[in-house]
Amino acid sequence: MTVAALIIAGGIGAVLRYAIDDAVRRRWPMAFPGPTFVVNVTGSLVIGLVAGLVLYRAASPEWQAVIGTGFCGGYTTFSTSVVETVRLGGRRGPVYAGLTFAGSVGACAVGLAIGWAL
């Protein structure tokens, strides 16, 4: 049952990533790779929140598998972030990579704090 939920959650995450990517690109077409940044940072927040709930509030580890691995695995795209960083090259590439890394780690920390506080 968990495997089926994980697969479905992964599909939902992938569709949501596409929808958010499209919406951000329509809203800010000239922004730097903002859609990937938004998806990765919000996905990291969700991963941190689920991890916090499992670690500090004894939520079922199945939640972590389904939401953290399935949904967020389909939703986030760190490989695209790396490709975009390489394509940007020059001075903007390292800035984008640093922002993505810092935003992801920070979002996970905030998610863990929320999970601990709940």
Side-chain angles (χ1 to χ4, degrees):
M1 189 66 174
T2 302
V3 173
L6 194 144
I7 292 168
I8 292 169
I12 292 170
V15 169
L16 186 60
R17 177 181 73 199
Y18 177 80
I20 289 176
D21 186 278
D22 186 56
V24 172
R25 285 187 198 282
R26 287 177 192 241
R27 178 93 170 140
W28 297 286
M30 299 303 288
F32 84 26
T36 303
F37 179 78
V38 168
V39 164
N40 285 341
V41 170
T42 56
S44 296
L45 178 64
V46 172
I47 290 170
L49 178 61
V50 171
L53 291 173
V54 170
L55 288 173
Y56 303 121
R57 296 295 174 210
S60 170
E62 291 176 349
W63 276 86
Q64 193 165 13
V66 173
I67 303 297
T69 304
F71 176 78
C72 290
Y75 179 69
T76 59
T77 176
F78 291 96
S79 60
T80 300
S81 176
V82 170
V83 169
E84 288 175 347
T85 300
V86 170
R87 284 186 180 160
L88 282 173
R91 292 179 13 184
R92 292 181 71 185
V95 170
Y96 174 66
L99 286 173
T100 300
F101 178 76
S104 298
V105 171
C108 273
V110 169
L112 281 171
I114 292 171
W116 183 67
L118 290 177

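A donor-acceptor pair under 3.5 Å is absent between the side-chain atoms of Thr69 and the main chain of Val66, judged by distance alone.
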Kindly list each side-chain donor-acceptor pair under 3.5 angstrom involving residues 97-115, sequence neighbours excluded, with atom names and distances?
{"residue": "Thr100", "atom": "OG1", "partner": "Tyr96", "partner atom": "O", "Å": "2.9"}
{"residue": "Ser104", "atom": "OG", "partner": "Thr100", "partner atom": "O", "Å": "2.8"}

Please tabulate, for side-chain N and O atoms in residues 6-16, each donor-acceptor pair with protein atoms closer than 3.5 Å (sequence neighbours left out).
none

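The two atoms that bring Cys72 and Val46 nearest to each other are SG-CG1, 3.6 Å, heavy atoms only. Scanning both residues, Thr80 and Thr77, for their nearest heavy atoms gives OG1-OG1, 2.5 Å. Contact detail for Arg17 and Gly74: the closest heavy-atom pair is NH1-O, 3.5 Å.
Only one option out of Val54, Thr2, Ile67 pairs with Glu62 in a side chain to side chain contact (heavy atoms under 4.5 Å, CB included); it is Thr2.
Inter-residue side-chain proximity for Val24 and Phe37 is flagged as unmet; no heavy-atom pair is nearer than 4.5 Å.
If you take CG on Asp21 and CZ on Arg26, they are separated by 11.0 Å, rounding to the nearest 0.5 Å. Of the inter-residue distances, the one linking Thr76 atom OG1 with Leu45 atom CG reads 12.5 Å to the nearest 0.5 angstrom.
Here salt bridge (Lys or Arg N to Asp or Glu O under 4.0 Å) pairs that include residues 46-57, with residues two or more places apart or in two chains, number zero.
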